[in-house]
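Here the structure comes first, spelled out in structure tokens, and everything after it is commentary.
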2 protein chains.
Amino acid sequence: MATMADVARLAGVSIATVSHVLNGTRAVRPETRAQVLDAIRAADYTPNTVAQSLATARTTTIGLTLSAISNPYFGDLLLGVESEAARAGYTLLLVDPHEDPELEDRVVRQLHSRRVDGVLLAPSAEPGAALRYLAHRSVPTVLVDRLIDDRMDQVGTENVEAVAGLVGHLAERGHRRIALVAGHPGRATTIERVEGYELGLARHGLPRDPALLVDGHSETEAARAAVHTLLGLDAPPTAIVTANNSMTIGAMQALRDAGVEVPRDLALVAFDDFPWADLFAPRLTVVAQPFDRIGREAVRLLLRRMADPAAEPTTTRMVPDFVHRDSCGCGLPA
Amino acid sequence: MATMADVARLAGVSIATVSHVLNGTRAVRPETRAQVLDAIRAADYTPNTVAQSLATARTTTIGLTLSAISNPYFGDLLLGVESEAARAGYTLLLVDPHEDPELEDRVVRQLHSRRVDGVLLAPSAEPGAALRYLAHRSVPTVLVDRLIDDRMDQVGTENVEAVAGLVGHLAERGHRRIALVAGHPGRATTIERVEGYELGLARHGLPRDPALLVDGHSETEAARAAVHTLLGLDAPPTAIVTANNSMTIGAMQALRDAGVEVPRDLALVAFDDFPWADLFAPRLTVVAQPFDRIGREAVRLLLRRMADPAAEPTTTRMVPDFVHRDSCGCGLPA
DNA sequence: CTGTTAGCGCATTCAC
DNA sequence: GTGAATGCGCTAACAG
């Protein structure tokens with residue numbers, strides 16, 4: 001494999017000159033420059049980024065730690081991150097800790113070993129070890145999707161107003177018994193979405209009925225069971241809000257199993273959109289998280305942090321899009 | 001940042017010894033070893049993979065070139081690749097050429113610059129430049145998803161029998177006018193799926209009606225138009241096979257717009273499954289590509305190729321899963 | 001405008 | 001069982 005030394009020899013110049021024409025880092029006489037360029041072509045030279053990184057202590061690489069890569073949900077996030085990173089000349093190192101805090105710690109160390117210039121982290125449930133490591137080594141870091149510490153840079157979705165809006169939408173259609181299928185207790189997103197739910201109720205003078213706030217554990221199966229419970233209530237809800245995409249699936253299954261037709265018999269609105277949601281039956285009314293924008297913003301924050309390690313920590317909450325379809329019942333004859 | 005030299009000094013040994021205890025690459029007296037380990041802890045030492053790579057000419061990194069990362073379709077592929085790579089101690093460098101051959105060439109060069117040990121490539125429509133570069137530099141490479149050259153290692157889905165099976169399923173239900181919405185002309189997958197379609201017809205003694213083989217261009221909009229055309233035929237099909245997920249969407253839209261109810265008025269079976277396909281109406285009968293397994297196998301082939309550059313090129317075709325749901329009409333009262 | 005040289009952090013050969 | 005020394009390929013002073 002051709003090295004700079006080969007090119008230098010071929011061009012009859014010093015290795016330093018080659019480096020400088022390559023990087024445009026100091027003036028070079030046009031003819032010399034041309035010779036070097038020719039030599040590069042002749043030698044079929046490809047710069048060695050590894051050597052470059054060792055010399056400069058920069059890798060132009062950013063690490064992305066994402067669990068459940070396969071969640072279609074994250075496709076857009078990945079896309080946003082990749083394109084914004086590429087635009088800035090950075091390449092992505094992708095690792096998947098599979099929601100395991102210990103693995104998370106390990107992969108973060110690995111990323112640091114590889115000397116990534118920065119880390120984008122969608123934190124697991126117990127990200128303590130990983131975060132401490134990152135902080136201790138002062139690795140520029142941005143939290144994505146799950147916001148857990150406003151002393152760090154982080155980007156995610158605005159949850160409170162979004163859910164309040166969903167509840168309001170139902171209330172305005174006349175619903176008074178609105179249930180929430182909430183996520184895993186303790187999770188930041190869960191807390192905020194429950195808060196939004198209660199805010200929405202309050203705004204419309206609706207009472208808080210504890211029986212209508214059920215735990216779907218952020219998962220399909222638990223949500224299915226929770227909705228089943230809701231349907232068995234003496235005074236079942238006339239409308240349901242589900243707090244993430246997996247739970248929406250479970251809720252729909254429970255409803256279908258019970259022979260409850262949405263939106264005729266019951267209204268349902270959801271947090272998170274689905275790809276090809278138009279072909280669902282019924283077409284779901286949802287708030288859609290802007291994952292693409294979240295990814296892009298995360299990269300921007302990270303670049304800023306890398307440029308200025310002393311910058312003030314920033315928390316950005318992106319407002320999700322309200323997608324008005326059929327499951328809320330707005331298309332129904334009054 | 002602590003280096004090996006720091007650790008060596010702290011432990012009162014040579015840098016060589018530190019390296020050897022770290023890599024287990026030669027015998028070290030237990031006590032010396034213990035001292036070194038202590039020093040590593042004390043210095044809070046993290047190995048520098050970059051330096052390691054420069055010295056060994058290996059990066060334990062593999063490059064993944066994937067367009068349309070956001071296609072939910074690819075989530076499982078990514079998952080398979082990531083986990084299998086991680087298992088072998090490799091980290092993924094992810095790049096997205098956005099189906100652009102020129103960009104593809106550029107990102108491939110970039111990956112080589114970063115000295116990835118191997119490349120997984122889902123080739124664009126014109127992968128010539130990128131492939132030549134890879135071959136010329138003898139970078140171990142495995143083609144994924146789109147099989148285009150059996151002189152290289154490649155992994156994808158078995159298309160012919162899969163589509164023939166789909167057609168057979170319809171034929172056995174009594175359909176005699178079965179249409180195919182085919183993909184972008186010339187693409188390897190398109191050719192094979194068309195072949196499977198014709199094979200399926202032949203096996204059941206069905207005539208080949210050119211009017212029933214329409215071009216959906218692998219895209220939603222074109223498929224929608226194509227199905228519209230099909231419906232306008234004097235003798236329209238009673239069943240449709242769509243050759244990929246995007247075209248299935250288009251077909252469903254066209255059918256809905258025309259007031260054709262599936263499977264009551266017309267049967268539809270598709271290539272490619274969807275996440276949450278259970279919530280579609282109707283629930284689609286499909287063949288699902290095993291992307292997870294494809295990803296894993298691709299990594300395995302790549303590892304083999306890296307270990308033995310002279311190995312015989314292997315083409316692997318994974319048999320997709322038949323998922324029997326409702327859109328084929330099998331659940332209909334006879 | 002150009003060349004010389006000293007590292008970057010580690011693996012590894014050769015000597016002891 | 002251990003250490004000294006060289007080189008991986010490049011950047012960045014420093015000197016001219």
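A quick note: this is a predicted structure, and the numbers were derived from the prediction, not measured. Naming convention: chains lettered A, B, ... in sequence-line order (proteins, then strands); numbering from 1 in each chain.
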* Run the side-chain contact (heavy atoms from CB on, under 4.5 Å) check on Ile148(B) and Leu131(B) step by step: do they pass? -> CA-CA 11 Å; Ile148(B) 53 177; Leu131(B) 290 181; 3.9 Å; yes
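- Counting heavy atoms from C-beta outward, Asp100(B) and Pro97(B) have side chains that stay 4.5 Å or more apart.
- If you walk DNA chain C from 5' to 3' and mark each nucleotide with an atom closer than 4.0 Å to a heavy atom of chain A, the marks span dC1(C) to dG9(C).
- Using a 4.0 Å cut-off between charged side-chain N and carboxylate O, Arg304(B) and Asp153(B) make a salt bridge.
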* For every nucleotide of nucleotides 9-16 of chain D, 5' to 3': is a protein heavy atom under 4.0 Å from its base (B), only from its sugar-phosphate (S), or from neither (-)? -> BBSB-B--
* To do: Decide yes or no on side-chain contact (heavy atoms from CB on, under 4.5 Å) for Leu111(A) and Thr65(A), but give the supporting numbers first.
  => CA-CA 9 Å; Leu111(A) 289 177; Thr65(A) 304; 3.6 Å; yes
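- Checking Ser83(A) against Arg296(A) by side-chain atom types alone, a donor-acceptor pair falls below 3.5 Å.
- One side chain, Gln110(A) or Thr91(B), offers a donor N or O that lies under 3.5 Å from an acceptor on the other.
- In this structure, the side chains of Ile62(B) and Val116(B) stay at 4.5 Å or more apart for every pair of heavy atoms.
- Counting non-hydrogen atoms under 4.0 angstrom, Val18(B) reaches nothing in the nucleic acid.
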* Yes or no on side-chain contact (heavy atoms from CB on, under 4.5 Å) for Val81(B) and Leu92(B), after CA distance, side-chain angles and deciding distance? -> CA-CA 8 Å; Val81(B) 168; Leu92(B) 237 49; 3.7 Å; yes
